[in-house]
Amino acid sequence: MTTHPNTPAGWYADPQGTPNLLRWWDGAQWTEHTHAGQPGQVPQQQMPVADPAAIQRQVQAQAGVAPTHAGGGTLFSEPVLVVNQKAKLIELTNEYGVFDQHGRTLGSVVQVGQSTLKKVARFVASIDQFMTHKLEIRDASGQPHLVLTRPAKFMKSRVIVARTDGQPVGEIVQQNVIGKINFSIEVNGQRVGAIKAENWRAWNFSIVDHAETEIARITKTWEGLAKTMFTTADNYVLQIHRQLPDPLLSLVVATALTVDTALKQDARGFG
């Protein structure tokens, strides 16, 4: 596979040789997604879009987050991140759009590395918990920044967070399966924070630092009756209370995506 150095990750020259056509590689196979344009252009149809008014209602009315100061316009500089899962009747690939509090696209999260056999297995049986899942957190230009890997689990989840070059950032490790679910946020094996469910259904989470001071909060928002009944979509709002240093910042941002993949995706290991 060949690509231009300015072409966003995942997009390559059409393997059939069609001039100026880019095709999407999901980590295991070529997909139906294509982009007609010159090398280096961002394939805009892959970028998630949202209704700004709907996003603001989600943040303010549903999550109860008051309008706050504007951030730097990136995944790692905004005080509020809105994470909306792409609605699907049957979920074979996890996909999320990430937006700021005003509905501007900040990036996306895409599951990568799935073989056709794995997709078939997910279609015919509810066995997500027994599979390894890998997702890329990408910015608004499609460039990956973090890679999340959740190894196959039986009851407890563990999510490994790394840079795109393989450099480890930390881990998010589930601590219990009974009662209110808690996760430990760890760097080099040392606990630097925690994610604490506020009810047994694990809908809302408080994120605390090593001193048990809340530094962020995840609130699950109502996606609408039709989506709730007929699709697998889950939507969340992440509010970061203060500027955080890395690697804690990267792990908190990763947490907003990890909650669904690590826990909600397979209904606490029983579905």
Side-chain angles (χ1 to χ4, degrees), residues 8-11 24 33 35-37 41-89 91 93-111 135-146 148 203-207 215-244 249-250 252-261 264-265:
W11 291 91
W24 179 257
H33 300 299
H35 170 63
Q41 290 183 317
V42 176
Q44 293 296 330
Q45 69 266 39
Q46 277 296 114
M47 289 295 100
V49 294
D51 176 2
I55 290 290
Q56 291 177 40
R57 286 194 300 271
Q58 182 180 349
V59 171
Q60 298 173 26
Q62 297 179 13
V65 176
T68 185
H69 66 278
T74 70
L75 286 168
F76 302 98
S77 62
E78 284 293 329
V80 177
L81 298 181
V82 180
V83 183
N84 289 346
Q85 188 173 12
K86 185 176 181 180
K88 303 175 185 178
L89 293 177
E91 185 169 47
T93 301
N94 302 350
E95 297 180 72
Y96 308 79
V98 187
F99 311 91
D100 71 5
Q101 60 190 310
H102 304 294
R104 290 185 287 262
T105 298
L106 298 177
S108 62
V109 181
V110 179
Q111 187 165 8
L135 302 98
E136 288 183 350
I137 298 180
R138 301 169 178 169
D139 63 22
S141 70
Q143 186 69 30
H145 286 261
L146 294 175
L148 312 183
W203 276 347
N204 301 326
F205 294 83
S206 172
I207 305 176
I215 55 176
R217 173 172 292 272
I218 297 174
T219 304
K220 186 180 188 296
T221 54
W222 175 248
E223 58 269 14
L225 182 61
K227 285 187 178 181
T228 298
M229 292 181 65
F230 300 112
T231 76
T232 59
D234 280 318
N235 300 334
Y236 297 89
V237 173
L238 170 68
Q239 181 184 20
I240 301 175
H241 300 327
R242 58 180 173 83
Q243 187 174 359
L244 301 174
L249 174 60
S250 292
V252 168
V253 170
T255 291
L257 295 313
T258 300
V259 167
D260 186 68
T261 301
K264 300 294 291 183
Q265 189 61 36

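Starting from 1, each residue takes its place in the sequence as its number.
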Identify which one of V82, I207, T255, V80 satisfies the side-chain contact (heavy atoms from CB on, under 4.5 Å) criterion when paired with L238.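 Single pass found, and it is I207.
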side-chain hydrogen bond (donor to acceptor under 3.5 Å, both in side chains) against T219, all qualifying residues, sequence neighbours excluded: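 For T219, no residue satisfies side-chain hydrogen bond (donor to acceptor under 3.5 Å, both in side chains) once neighbours in sequence are set aside.
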Check: [Y] and [X] side chains under 4.5 Å, non-hydrogen atoms:
| X | Y | answer |
| --- | --- | --- |
| P79 | Q101 | yes |
| S108 | E95 | no |
| T74 | D139 | no |
| F99 | T105 | yes |
| K220 | N204 | yes |

Euclidean distance, [Y] [atom2] relative to [X] [atom1], rounded to 0.5 Å:
| X | Y | atom1 | atom2 | answer |
| --- | --- | --- | --- | --- |
| I137 | L75 | CD1 | CG | 7.5 Å |
| S77 | L106 | OG | CG | 7.5 Å |
| E136 | Q111 | CD | CD | 11.0 Å |
| L148 | L135 | CG | CG | 6.0 Å |
| Y96 | R138 | OH | CZ | 13.5 Å |

Quick one: do the Q62 and N235 side chains pair a donor with an acceptor below 3.5 Å?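 No, N235 and Q62 have no side-chain donor paired with an acceptor closer than 3.5 Å.
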What residues form a salt bridge (charged side-chain N to carboxylate O under 4.0 Å, His left out) with R57, not counting sequence neighbours?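 Partners of R57 under the salt bridge (charged side-chain N to carboxylate O under 4.0 Å, His left out) test: none.
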Taking all non-hydrogen atoms of both residues into account, name the closest pair between [X] and [Y] and its distance.
| X | Y | result |
| --- | --- | --- |
| H102 | P52 | O-CB, 3.3 Å |
| I218 | A256 | CD1-CA, 4.0 Å |
| F76 | L249 | O-CD2, 3.4 Å |
| Y236 | T221 | N-OG1, 4.2 Å |
| E78 | I240 | O-CD1, 4.2 Å |

Output yes when a side-chain donor or acceptor of Q58 lies under 3.5 Å from a complementary backbone atom of V237, and no otherwise.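 Looks like no, no N/O pair under 3.5 Å.
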